[in-house]
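Written below as C-alpha cells is the structure these notes are about.
Side chains are part of it too, since the values below use all heavy atoms of this structure and drop only hydrogens, waters and symmetry mates. Chain letters run A, B, ... following the sequence lines, proteins first, then strands; residues in each count from 1.
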Amino acid sequence: MLSPRRVLGRSEPWVFAAIVALSLLIQARSGQFFTGNNLVDLARALVVPALFSIGCMMVIVSGGIDVSFTAIASLAMYVTDKTLLARGYDGTVLLPYAMSAGLGLLMGALNGFLIAFLRLPTLIVTLGTSSLYTGLMFGAFAASASDVPPSIAAHGKQILFTAVNSDLGLTSTMPAQILILAGVLVLVFFLLRYTMLGRGIYAIGGDEAAAERAGFNVRAIKMFLYCFVGVLAGVTGIVRISMIAYADPSTMLGMELPVIAAVVLGGTRVTGGVGTLTGTTLGVALMTILANSLILMGVPTYWSRAFTGAVIIIGTGVTAWQTGLTRRGGRALSRPATGAPA
Amino acid sequence: MSDNVLKVEGVAKAFGGVQALKGVSLEIEKGEIHCLAGENGCGKSTLIKVISGVHEPDAGTIEIEGRRFARLAPMQAIALGVQVIYQDFSVFPNLSVMENLALNMEVMDHRVFMNYRRAKAIAAHAVSQIGFDVDLDERVETLAVADRQLIAICRALLQNSKLIIMDEPTAALTKREVKALFGVIKDLQSRGISILFVSHKLDEVFEISERFTILRGGENVASGSTRELDRRAFALYMTGREFADASYRPAAAPGPPVLSVRNLTRRGAYTNISFDLAPGEILGITGLLGSGRTELVETIFGVVQPDSGSIEIGGKPARLRSVRAAIRAGVGYVPSDRLTEGLFLPQTIERNLVVAVLERLSGWLGVLRRQAVVETTERWIADLSIATKDPSLPVRTLSGGNQQKVVLARWLANDLKVLILNGPTMGVDIGSKYDIHALIRGLAEHGLAVVIVSDDLPEVLACASRIVVMQNGAFVQELDPASTTETKLGELSTGVA
Amino acid sequence: MTAITAAAGGRARRSRDENVIRLLGLLVFVFVLMTILRPAQFATLADFNSMMRQFPEYGIMAIGMSLTMITGGIDLGVVGAANLSAIVAAKFLVAAVPPGAPPQQVVPYLVAAVGLALATGLACGAFAGILIARFNIPAILATLGTQQLYTGIAIGITSGRPQSHLPLLYSKVGNTEFLNFFPLSFILFVAIAVAAGFMLSRTRFGTSLYMIGTNAQAASYAGLTNASILLRTYMISGFLSSVAGLIMMARANSAKAEYGVPYTLQCVLIAVLGGIDPYGGSGNIAGVTLAILILQFLSSGLNMFNNVSNFYRDVIWGGVLLLVLVVNRFLSRRSERRAVLKAS
C-alpha cells in the first residue's frame, strides 16, 4: 500500500528526520536534550501552539488562512476571566472553558459568515477581525494583566508527573493540559478522517466547485469550520492562562505567524486540500524544539527571533519546492471559485 | 407514450436582461447518443443546467421518463438518473481515486460518517463497470486527464444513471483517448443508457451520435438524424453563414527560409528536428499530445531550451534563451490554452493587445507613449475586425473568437517574422474559426512564416501549405495537403498506419 | 491627488474612477463628521499640521504594500525592513559621528547614514523578492518569514534596546517644515505618491505589474520577465520601507526593532480600502492615498475624544476594513452584471 515513493513524497518523514537530527545536534552540544526535564519542558511549551496549529491546519486545508485565532483566544479568555472574577466565581474549571469556548464560537461565527456567505478573502477578513477583537479587548475592556479565578489557578497546578534532572537539580512538571491537547487531537483526527464533514473540508480545499456539485453544503461546512476554530481558540485561551496562572491579554498575540509557519512546515499545502495532523504536530514540535533549545545550542537570546525567521523561510521554501508550487509563486491568495452564470 | 428518456419543451430562461434560452425543445430516446451542438453562447450550457436542475427555467417543461416537471432541484435530477460530466470533470485532485468515486454517493445518502470499507467497495464496483484499471489509493492529481475523465464517468454510472450529459468531453483528450472514450460511450449505450454529447467538433458528432440538435441564439435551429448532416449544413446551422472549404497554397514559390531549425534536440521531448520555413509558407505540425510538438514550438519561442542543435531566424543564428529574446528575434506565439496562457481576462482589450509590444510603445524610463498605444490598439482592432465598441472594456466581454483575435493582434503589432499558433481555434466557434483561418492565410500571403500546431486535422489540411507529422519526438513524415486525406493523416499521427 | 486620477487615462478606467469617487465621498463624510463633532480642534491648521506629520510614515509603506498586492502578492515584511534600515542608520551615526561635532562636520555622516538605510531597505526587498520570484515561495509565507527575520536581526544587533543619542542635526533636518507648515515627511510622501501613481498608470513597468497580477502565466507567454519584475517590485517596497523607517527615526529621535508594529495590518487595510484587489491585478495610487487620508482623519478625530481609548482605533480600522470588503463585494457584483449586459 505505502510504496517508498509515496512515503518520501510526503513531508512528515522529512520533518521527523529534521527533528531527530536537531535533537542529536543539541544533545551533542549540550548533553541536556534527552533528559526527562528538558523533554517535559518541551511538552509544556508545545501545548498551546499545538492547539492553535490544529485549527490553523484545518483552515489552510479548506483553502483559507486564518490570522485571527490568537485574537479570538485572547479576547475570549479575557472576557471570561474578568466576568468570573467580578462575580467572585468559585466553581469548577468547566464553566470558564465553556464560557470562553462560547465566546470563541461567536467570534469564529463572524469570520465564518464573512468568508462562507459573502465569499470574502480569508486573509483580509481575519486580519480585519483580528484587529477588531484586539481593539475591543484593549479598548472596551481596557485589558491589562489580571488575576485568574481560583479554579483556573488550581487547574494550572494539576500535574501528571514531575521529571527531575539530578545533574542540574532542575525539576519540570508535566501539565494536565496536555491531556486536553491529546483529546483535541483524537477528536479532530476522527472528525477529519471518519466524518463526511471532515472529508468535506478536504474536498473543498481540493476543488470548491466540485464539492458543491457533489452535494456538499460548502457554506455550512465553512461556517462550521470557522466556528470550530473559534471554539478551539477559546479553549486554548483558558489553557494558556491556567498554565501561566494570570490572564495576560497580550501573551498569545503574535503567535499566529509562527503557528502558520509550523503548519506549513508540517506539509500542509498552502493552496489547500492537503495536510495531516501528524505533519502539523511534527511541525509544531520542530518549531518548539528550535525556539526552546537556542540557549542549549549556544544561540544568544536576542537572536532567537531572527533564528525563527530563518527557519520559517528555509522550511516554507523547502515545502514550497517540494509540493511543486512552482507555477503559483508570487501569489498571496488563491482565487475562490466563482459561480458565474453561463 | 414514446420511450423518451428526456423531453424538454419550450424552455426559456433569462439572466438579467439577457434571454439565454427562448423556448428550446429537446428529445432524447432511451439508449440514444444524441449530440447537442451550437456556438459559444448559444445556450447549450444553460440548457444543460436547466436539465440538471441547477437553473430554474422561466417557462417550459422537462419530462424525464414520462414524469413532467416545471422545475427540478439538482438532487432530484440526480435521483431521476440525470448525470452531468462537466468539462473539468469535477474531481478532487487532492483525494484518492477511491474517495473521488465514493464521496458523491455518500453525500447523496446523507452519510454522517466515512466508512472506508464501504467506500472501497463502491469504488471497486464503479471501476469494474467499464473495466477501468486504476490504483484506488492513488491521488487523482497524479493521473492523466483521460483517467480523470474515466473516474468521472464511473462515478456517474454509480447513480443508476439513465441519461449522462457530457459537456465537451473530448476537449482535453488526444485522438487515441477520444477513441477509447467512444468505446466506453458505445458500451454505455448497449446497456440502455442515453448520452447527451455536447460538442462542436463535427467529426465527433458524425462518428458517435445518431441524432443531433443544434441551437443558435437560444433557439432550436435544426435537429434530426446525423446521417443527413454534412459539413456545410452543420456549419450553416451553427452560424447561419455559408463557408467554402478551401486549402491554402502560397502565392509564389517560397524564397529563402526565414526560420531554419537544425538537429534540434531536447531530451525527453524531441530529437534531431530539422526544417526550413520560408515567408508565405504555413507549416502544419500534427501529432498526439505528448509527441513533443508543444515542446518543439515552445523552444522556438524561448520558453524551454534545447539540449543541442541550432535555430536561425532571418539568416542569423538565434539564441533564444528567453521569451523576450524570441520576441526580439521576431517570433510570436499563440499558446494552446487561451484562458490560462493567453489572456488577461479582467484587463482591458487595449492592455491585452499591447502587452507584448510595451517596449516599442514606451520611451525614456519606460514611459508609455499614450498616443502610440491608442493608435496601435485602434489599428489592430480595425485590421482584424475585432467586434467591440470600446477597447477600454475588459477582454472577457468578447466572444471566444474575438478574444483569440486579440491574442493574435498582440503578436502582429510586433515586427513579426514567424508566427506560431498552438491549437489556434480550440474552443472557438465555427464562425470565428473560419475567420481566424482566413486571417492566418491572409497573413501568410503578406509574407509571414506561420507554424500551426493542431489536433484538428481538417484545420491543418485547410490552412497548411506543408504538413509534418510528429511522433515520439520526431518528424515521421512530411505531406502535401493537396494529396492527403484526413483519414491518412489521422492514421499517421496516431501511429496506426 | 486628483491630478493623478485625471492622468490615469481618461475613459480607460471607468470602474476605478467610480471607486475613487466613492472614497472621496467617504473622505468628505468623515471630514464633515469630525468637524461637526469637534469644531474647535478638528480641521484647524494646527491639526492639519499634526496629521501631516503622522501619516507619511505608514502611508509610504502602504504604497509599497499596494504595489506588491497589485502583482497578486503581499509584503508583510515592510515594518521589519523599515526598523532594520533605521537601526542600521542609527548604529552608524552613533558609532561614527564624534560627540559634539559641529553641524557642518556631521552632514557627510548623515548622507552616508541615509544611503546605508536605503541600501538596507533595497537589500531587504531584494531578499524577499528572490524568495518569491526565484524560489516560488508564496508571498504571504515568504514575507511572514522576512518580517520575523528582519525584526529578529534588528533585535539581535541592538539587544532589543532603542538606539538613541543620535546627532541633533538628524531630527532637526528630519522635522524641517517648509513654509513653516509642510513637514519634510509630507513632501516626501507627496513626491512618492505622485511618482508611484505615474509609474503605475503611465509606464511599461506599471502595466506589467497589473498584467502579472492578473495572470502570471499569460504574462510570461507575452514576454514579460516575471521574475525580474517581481524582484524589482519587492525592492521598491523595501526601499519605501526604509524611507518610512528614516521618517520614524526622525520623529522618535531614535530607532527600535519594535516601532510601528501595527503598521503591517494598517498597510493591508489601506490597500484594500483604497481599492487594491487582494487577488491582484487592479487598484491605483489615487485610491490608496484617499484611504490613507480617511484613516488619518478618523484616527485624529478619535484622538480628540478624551474618553476614547487609543485602542478603539484598532476596532474602527478593523471594522472599516470589513465594511469596505462587504460593500465592495455587493458593488462589484452589480457592476459585473452591468458589464455583461453592456457587452451583449
>> Let's test your reading of the structure: which of C:Ser159, C:Ala257, C:Gly318 forms the most heavy-atom pairs below 4.5 Å with chain A?
In response: C:Ser159
What donor-acceptor contacts under 3.5 angstrom involve side-chain atoms of residues 137-145 of chain A, with partners at least two apart or in another chain?
none

> Is there a side-chain contact (heavy atoms from CB on, under 4.5 Å) between C:Cys124 and C:Leu84 once you walk through the steps?
Replying inline: CA-CA 9 Å; C:Cys124 286; C:Leu84 184 58; 3.9 Å; yes
> Could you give all pairs that pass the side-chain hydrogen bond (donor to acceptor under 3.5 Å, both in side chains) test and reach residues 254-267 of chain A, with sequence neighbours left out?
Replying inline: A:Thr70-A:Glu256
> Given that the side chain runs from C-beta out, which part of A:Leu132 has a heavy atom under 4.5 Å from chain C: side chain, backbone, both or neither?
Replying inline: both
>> I want to check something: taking the side chain as every heavy atom from C-beta on, are C:Leu321 and A:Ser131 in contact at a cut-off of under 4.5 Å?
In response: no
> Which atoms of A:Val125 come close to chain C, meaning under 4.5 Å heavy atom to heavy atom: side chain ones, backbone ones, both, or neither?
Replying inline: both
> With distance as the sole test, does A:Glu208 use its side chain to make a donor-acceptor pair with the main-chain N or O of A:Gly206 at under 3.5 Å?
Replying inline: no
> Have C:Ser254 and C:Tyr259 got a donor and an acceptor in their side chains that come within less than 3.5 Å?
Replying inline: yes
> Just checking heavy atoms, which of residues 141-150 of chain C are less than 4.5 Å from chain A?
Replying inline: C:Leu141, C:Ala142, C:Leu144, C:Gly145, C:Thr146, C:Gln148, C:Leu149
> Contact part of A:Leu114 toward chain C, heavy-atom cut-off under 4.5 Å: side chain, backbone, both or neither?
Replying inline: side chain
> Any side-chain heavy atom of A:Ile260 sitting closer than 4.5 Å to one from A:Val263?
Replying inline: no
>> Does any backbone or side-chain atom of C:Leu131 lie under 4.5 Å from a heavy atom of chain A? Answer side chain, backbone, both or neither.
In response: side chain
>> Need one label for A:Ala261: side chain, backbone, both or neither, based on atoms under 4.5 Å from any heavy atom in chain C.
In response: neither
>> For C:Ile212, is there any backbone N or O sitting under 3.5 Å from a side-chain donor or acceptor partner on C:Asn226?
In response: no
> Residues in side chain to side chain contact (heavy atoms under 4.5 Å, CB included) with C:Val320, at least two apart?
Replying inline: C:Leu273, C:Leu298, C:Ile316, C:Val324
> Checking heavy atoms, do the side chain of C:Leu76, its backbone, both or neither come under 4.5 Å from chain A?
Replying inline: neither
>> Can you tell me which portion of A:Ile314 sits under 4.5 Å from chain C's heavy atoms? Options are side chain, backbone, both or neither.
In response: neither
>> I'd like to know if the side chain of A:Thr122 and the backbone of A:Ile65 have a donor-acceptor N/O pair within less than 3.5 Å.
In response: yes
> If you count heavy-atom pairs under 4.5 Å with chain C, which of A:Leu136, A:Leu118, A:Val264 comes out on top?
Replying inline: A:Leu118
